[in-house]
Amino acid sequence: MALVNTKKMFETAYKGGFAIGAFNINNMEIVQGIVDACKVKNTPVILQVSAGAMKYMRPTYLKHLVDAAVEETGLDIALHLDHGPDFETCKKAIDLGFTSVMIDGSHHPLQENIEITKKVVEYAHERNVTVEAELGRLAGIEDDVDVSAADAIYTNPDEALEFVQKTGVDSLAIAIGTSHGAYKFKGEAKLDFDRLEKITEKLEAAGIHNYPIVLHGASAVDPKYVAMCNENGGNLGGAKGIPTEMLRKAASMAVCKINMDTDIRLAMTGSIRKVLNEKPEEFDPRKYLGLGRENVTNLVTGKIENVLGSSK
Ligand SMILES: O=C(CO)COP(=O)(O)O
Ligand SMILES: O=C[C@H](O)COP(=O)(O)O
Ligand SMILES: [Zn+2]
Ligand SMILES: [Zn+2]
């Protein structure tokens with residue numbers, strides 16, 4: 001058993017109208033909590049690591065930990081670099097054994113984004129590594145923002161087609177109203193599904209079929225874990241995520257990868273706060289990290305059942 005890239009995962013996800021969960025990992029308990037749920041539900045999974053997380057976990061520990069998850073579970077697991085900022089970081093991840101990388105050139109002008117993405121695609125494809133890129137800015141906008149403002153930051157369907165054609169990138173992260181973190185909407189939650197539909201139509205019309213789209217900033221910000229934080233000394237007032245029905249809808253469309261980090265952080269932090277608050281005499285890390293791991297498993301189980309639909 002070895003790590004796999006995302007190619008087959010996305011093919012089956014697209015055809016089956018489901019999505020693969022991409023969860024950010026930062027330590028052993030998070031890795032174990034995620035794959036414990038995936039094992040019971042028999043689902044492929046993407047474990048993703050930001051540049052910051054790679055530094056925190058330390059590359060060699062990280063690689064061995066994820067290899068252990070494959071060995072223990074026998075599942076299809078992809079190890080993916082999340083938001084790779086430049087070619088060098090992507091190269092480093094590929095050389096370490098990552099099977100998938102994201103090059104995030106979304107903050108550059110279109111042509112520059114195309115150039116750096118192309119460079120990563122070339123290096124990655126020679127090594128059987130799949131590549132994700134990003135187009136559009138991942139910012140939540142207020143409900144009363146007019147259409148031209150949305151047009152300026154959300155992914156432009158014509159540019160998406162040009163981008164995919166010119167770079168040969170394997171999947172594309174788009175901006176349709178999601179954003180990173182625990183505060184996604186001030187008012188009502190809204191995503192631009194018409195834009196997602198239009199992007200797929202453009203690709204299909206150009207002969208690019210079943211093209212996998214990625215949704216970043218897709219945590220639901222589960223009120224249960226927000227409450228667990230707040231009831232135990234936390235202060236996360238006004239936290240709000242993407243409603244589950246919207247994520248389901250996206251998964252039934254062209255979205256094949258749904259990124260979640262904030263939900264994992266909240267489950268972990270809520271659990272730790274709860275143990276330490278309820279038992280001030282406790283100082284065994286296994287007690288609070290153990291509950292954290294258990295709740296990561298509970299959270300991911302719920303995601304597989306209610307959001308992703310990825311069980312085999
Ligand atoms: O997109 C993400 C990681 O790339 C995570 O998004 P959330 O902050 O919504 O969990
Ligand atoms: O999209 C970003 C992820 O949530 C990772 O965040 P991080 O850079 O703090 O590890
Ligand atoms: Zn970005
Ligand atoms: Zn992201």
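What you see is a predicted model, and the numbers here were worked out from it, not measured in a lab.
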As an exercise, state the distance from [atom1] of [X] to [atom2] of [Y], rounded to the nearest 0.5 Å.
X: T117; Y: E112; atom1: OG1; atom2: CD; answer: 11.0 Å
X: T301; Y: E305; atom1: OG1; atom2: CD; answer: 6.5 Å
X: E281; Y: L276; atom1: CD; atom2: CG; answer: 10.0 Å
X: I213; Y: M253; atom1: CD1; atom2: CE; answer: 10.0 Å
X: L291; Y: M268; atom1: CG; atom2: CE; answer: 9.0 Å
X: E159; Y: I114; atom1: CD; atom2: CD1; answer: 8.0 Å

- [ ] Could you please spell out the steps behind the side-chain contact (heavy atoms from CB on, under 4.5 Å) verdict for D261 and Q48?
- [x] CA-CA 9 Å; D261 184 6; Q48 59 186 11; 5.9 Å; no
Within a strict 4.5 Å, meaning less than it, do heavy atoms of the [X] and [Y] side chains meet?
X: F163; Y: L110; answer: yes
X: L236; Y: L266; answer: yes
X: V121; Y: I103; answer: no
X: I30; Y: N27; answer: yes
X: V66; Y: I25; answer: yes
X: F10; Y: S171; answer: yes
X: H180; Y: N259; answer: no
X: F185; Y: L191; answer: yes

Same cluster or not: [X] versus [Y], using hydrophobic residues (I, L, V, M, F, W, Y) connected whenever any side-chain heavy atoms lie under 4.5 Å apart?
X: V4; Y: I94; value: no
X: V129; Y: I46; value: no
X: M260; Y: V31; value: yes
X: V214; Y: L161; value: no
X: V45; Y: V49; value: yes

- [ ] With side-chain contact (heavy atoms from CB on, under 4.5 Å) as the test, would you mind laying out the steps for I34 and I264 before giving the verdict?
- [x] CA-CA 9 Å; I34 295 165; I264 302 263; 4.0 Å; yes
Open item on the list: Using the rule given for side-chain contact (heavy atoms from CB on, under 4.5 Å), can you reason through F193 versus M246, listing the C-alpha separation, both sets of side-chain angles and the distance that settles it, and then say yes or no?
Closed with: CA-CA 9 Å; F193 285 107; M246 290 191 184; 4.0 Å; yes
Donor-acceptor check, side chain of [X] to backbone of [Y], threshold 3.5 angstrom: yes or no?
X: E204; Y: N210; answer: yes
X: N277; Y: R273; answer: no
X: R195; Y: T155; answer: yes
X: T6; Y: M9; answer: no
X: T244; Y: V307; answer: no
X: N113; Y: G105; answer: yes

Using a 6.0 Å cut-off, check whether atom [atom1] of [X] has over 12 heavy atoms from anything other than its own residue.
X: E282; atom1: CD; answer: yes
X: E71; atom1: CD; answer: no
X: K240; atom1: NZ; answer: yes
X: Y56; atom1: OH; answer: no
X: K15; atom1: NZ; answer: no
X: K63; atom1: NZ; answer: yes
X: E72; atom1: CD; answer: no

- [ ] Apply the test side-chain contact (heavy atoms from CB on, under 4.5 Å) to residues T262 and Y225: give CA-CA distance (whole Å), side-chain angles for both, the deciding distance (0.1 Å), then the verdict.
- [x] CA-CA 11 Å; T262 296; Y225 293 113; over 6 Å; no
Distance-minimising heavy-atom pair for [X] and [Y]:
X: D263; Y: V221; value: OD1-N, 2.8 Å
X: G237; Y: Y183; value: O-CE2, 3.2 Å
X: P157; Y: K198; value: CG-CB, 4.0 Å
X: H80; Y: S100; value: ND1-OG, 2.7 Å
X: H216; Y: A173; value: CD2-CB, 3.4 Å
X: V35; Y: L75; value: O-CD1, 4.3 Å

Open item on the list: Test of understanding: with side chain to side chain donor-acceptor pair (under 3.5 Å), list the residues that count as partners of K39, not counting sequence neighbours.
Closed with: none
TODO: Given salt bridge (charged side-chain N to carboxylate O under 4.0 Å, His left out), test K224 with D222 step by step and report yes or no.
DONE: CA-CA 5 Å; K224 179 178 154 187; D222 189 339; 6.0 Å; no
Open item on the list: The test is side chain to side chain donor-acceptor pair (under 3.5 Å); show your working for N295 and S271 and say whether it passes.
Closed with: CA-CA 7 Å; N295 278 326; S271 306; 2.9 Å; yes
